[in-house]
Chemist: 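What follows is a structure written as structure tokens; I'll ask about it next.
Everything numeric here is computed off the predicted structure, so don't read it as measured data. Lettering follows sequence order; numbering is per chain, from 1.
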There are 2 protein chains.
Amino acid sequence: MTTYAPAEASERTGLTLDTLRYYERLGLFGPVRRTTAGRRVYSDHDVAWVGLLVCLRNAGLGISDLQRLMGRLRDSGSSTGVVELLEEHRSRLHGEIAKMSVALDVLDGKIAHYREAAGQSKK
Amino acid sequence: MTTYAPAEASERTGLTLDTLRYYERLGLFGPVRRTTAGRRVYSDHDVAWVGLLVCLRNAGLGISDLQRLMGRLRDSGSSTGVVELLEEHRSRLHGEIAKMSVALDVLDGKIAHYREAAGQSKK
DNA sequence: CTGCGACCTGGAGTGCGCTCCAGGTCAACT
DNA sequence: AGTTGACCTGGAGCGCACTCCAGGTCGCAG
């Protein structure tokens, strides 16, 4: 099993060392193995997991959402609640996209409007 | 020209009184007319304008983006820069949506994964 | 043995976008 | 005249998600 020093884990996940530690502190992943000297040794499992975290954050989930999710996954093999949680966020995500699309349309309208206005000298 | 008391403007825009005042302070719209006693009287032009602001915020534009936009619109009839600004954000918005779609796909994958896992007792 | 750089910790600081508050004014109702 | 209640101001406070920092430890190269 491949392992990574902090710097490399940072590079692979795209998160800073600080953020990596921050996420670990919050229990979003880990606990991460340590050397006898106390230095972190990330497994590729850790790195993959963080990849998922990043993805979910991109999807607009907040830290507390992720914590809840981790809670579900940790205690019990109750993967059951997890599916609902994810699906809930899936639909939320759809809503977000819809909202953005509306904004996009309005934006298009405004662009057309101002482009037209630019043709004439004044309003 | 219809006018609105603060409470009604709040209702129509969906923003709180505080947020309305906040946006005004930042110069995102206005200046709003006042009664002799100093109370705000919003015009329907104000309200419509705030509607656009809300929409742009939904689209993910930050306060500073909006300020820059207002700057362009205020000084000069240079509606020119405005179009570019909006188009830039339009493409940014597309990017966001794309990113979210990716997250959505990953989410779907995970849901499938956990749903399957729920079928068996353990990993 | 001395540097040096990567890493450690706990905690303070940052930027954003509001949100709340105290203390005051004003208009209308009873 | 008194009592609401909507509104005013300037400024403090908040929640989120980091981000930075001081002060210290470790391991290796020279």
Side-chain angles (χ1 to χ4, degrees), chain A residues 3-43 46-47 50-70 89 92 96 99-100 103, chain B residues 3-43 46-47 50-70 89 92 96 99-100 103:
Chain A
T3 60
Y4 309 95
E8 203 181 346
S10 160
E11 202 178 325
R12 284 184 180 254
T13 60
L15 298 178
T16 65
L17 290 180
D18 269 327
T19 304
L20 236 27
R21 287 194 283 254
Y22 175 63
Y23 280 9
E24 188 187 349
R25 241 189 291 177
L26 297 183
L28 297 189
F29 74 105
V32 175
R33 239 180 31 236
R34 305 291 190 112
T35 66
T36 54
R39 308 208 164 173
R40 268 167 269 255
V41 179
Y42 296 91
S43 68
D46 287 330
V47 170
V50 171
L52 175 59
L53 289 176
V54 169
C55 186
L56 293 176
R57 291 249 50 237
N58 278 346
L61 300 222
I63 296 291
S64 56
D65 295 318
L66 297 181
Q67 282 177 318
R68 230 169 302 136
L69 221 150
M70 296 312 296
H89 286 302
R92 181 178 306 182
E96 287 294 306
K99 222 166 70 177
M100 283 199 167
Chain B
T3 59
Y4 308 95
E8 204 180 346
S10 161
E11 203 178 324
R12 283 182 183 256
T13 59
L15 298 179
T16 66
L17 292 179
D18 270 327
T19 304
L20 236 25
R21 289 194 281 253
Y22 174 64
Y23 281 9
E24 188 186 350
R25 240 189 294 179
L26 297 184
L28 297 189
F29 74 107
V32 175
R33 239 180 33 236
R34 304 293 189 111
T35 67
T36 53
R39 303 196 170 183
R40 267 167 268 255
V41 179
Y42 296 92
S43 69
D46 287 330
V47 170
V50 171
L52 176 58
L53 289 176
V54 169
C55 186
L56 294 176
R57 291 249 51 238
N58 278 345
L61 301 224
I63 296 292
S64 56
D65 294 318
L66 298 181
Q67 282 177 318
R68 230 170 300 139
L69 220 150
M70 295 311 297
H89 286 302
R92 179 178 307 181
E96 286 294 308
K99 221 167 69 177
M100 282 200 170

Chemist: Mind checking if Arg57(A) touches a base, just sugar-phosphate, or nothing, with heavy atoms under 4.0 Å?
Modeler: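 Here Arg57(A) touches the backbone only, sparing every base.
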Chemist: Just the rounded figure in Å: distance from C1' of dA17(D) to CG of Leu15(A).
Modeler: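 Distance, rounded to whole Å: 12 Å.
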Chemist: Using a strict heavy-atom distance below 4.0 Å, which residues from residues 33-41 of chain B are in contact with DNA chain C?
Modeler: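 Only Ala37(B), Arg39(B) qualify.
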Chemist: Can you measure Leu26(A) atom CG to dA17(D) atom C1' for me and round it to whole angstrom units?
Modeler: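 Going from CG in Leu26(A) over to C1' in dA17(D) covers 9 Å.
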Chemist: In whole Å, I'd like the distance from the CD atom of Glu24(A) to the P atom of dT19(D).
Modeler: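 Rounding to the nearest Å, CD of Glu24(A) and P of dT19(D) are 17 Å apart.
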Chemist: Less than 4.5 Å apart, any side-chain heavy atom of Arg92(A) and any of Asp65(A)?
Modeler: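 Arg92(A) vs Asp65(A): side chains touch.
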Chemist: Quick check: do Thr16(B) and Arg21(B) have side-chain heavy atoms less than 4.5 Å from each other?
Modeler: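 The answer is no, as the side chains (C-beta and beyond) never meet within the 4.5 Å cut-off.
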Chemist: Are there more than 12 heavy atoms of other residues, nucleotides or ligands under 6.0 Å from atom CD of Glu8(A)?
Modeler: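 More than 12 within 6.0 Å, yes.
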Chemist: Rounded to the nearest Å, what distance is computed from the CG atom of residue Asp18(B) to the C1' atom of nucleotide dA6(D)?
Modeler: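 About 13 Å, once rounded to whole Å.
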Chemist: Would you say Val41(A) and Arg34(A) make side-chain contact, with heavy atoms under 4.5 Å?
Modeler: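 No. Closest side-chain heavy atoms not under 4.5 Å.
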Chemist: Looking at Arg33(A), I want to see if its CZ is surrounded by more than 12 non-hydrogen atoms of other residues, nucleotides or ligands under 6.0 Å.
Modeler: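 No, the 6.0 Å shell around CZ holds no more than 12 heavy atoms from other groups.
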Chemist: Just wondering, are more than 12 heavy atoms of other shown residues or ligands nearer than 6.0 Å to CD in Glu11(B)?
Modeler: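 For Glu11(B), atom CD is not crowded (no more than 12 foreign heavy atoms under 6.0 Å).
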Chemist: Going 5' to 3' along DNA chain C, between which two nucleotides do contacts with chain A fall, using a heavy-atom cut-off of 4.0 Å?
Modeler: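 Range of nucleotides within reach of chain A: dA6(C) to dG11(C).
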Chemist: What is the distance, rounded to the nearest whole Å, between atom CG of Leu17(A) and atom C1' of dC18(D)?
Modeler: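 Nearest whole value for this atom pair: 14 Å.
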Chemist: Do Thr19(A) side-chain atoms and Tyr22(A) backbone N/O form a donor-acceptor pair below 3.5 Å?
Modeler: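 Not at all, since once roles are kept as given, no pair shorter than 3.5 Å links the two residues.
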Chemist: Look only at the side chain of Asp46(B) and the backbone of Ser43(B), and say whether a donor-acceptor pair between them is shorter than 3.5 Å.
Modeler: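 Yes; at least one donor-acceptor contact below 3.5 Å.
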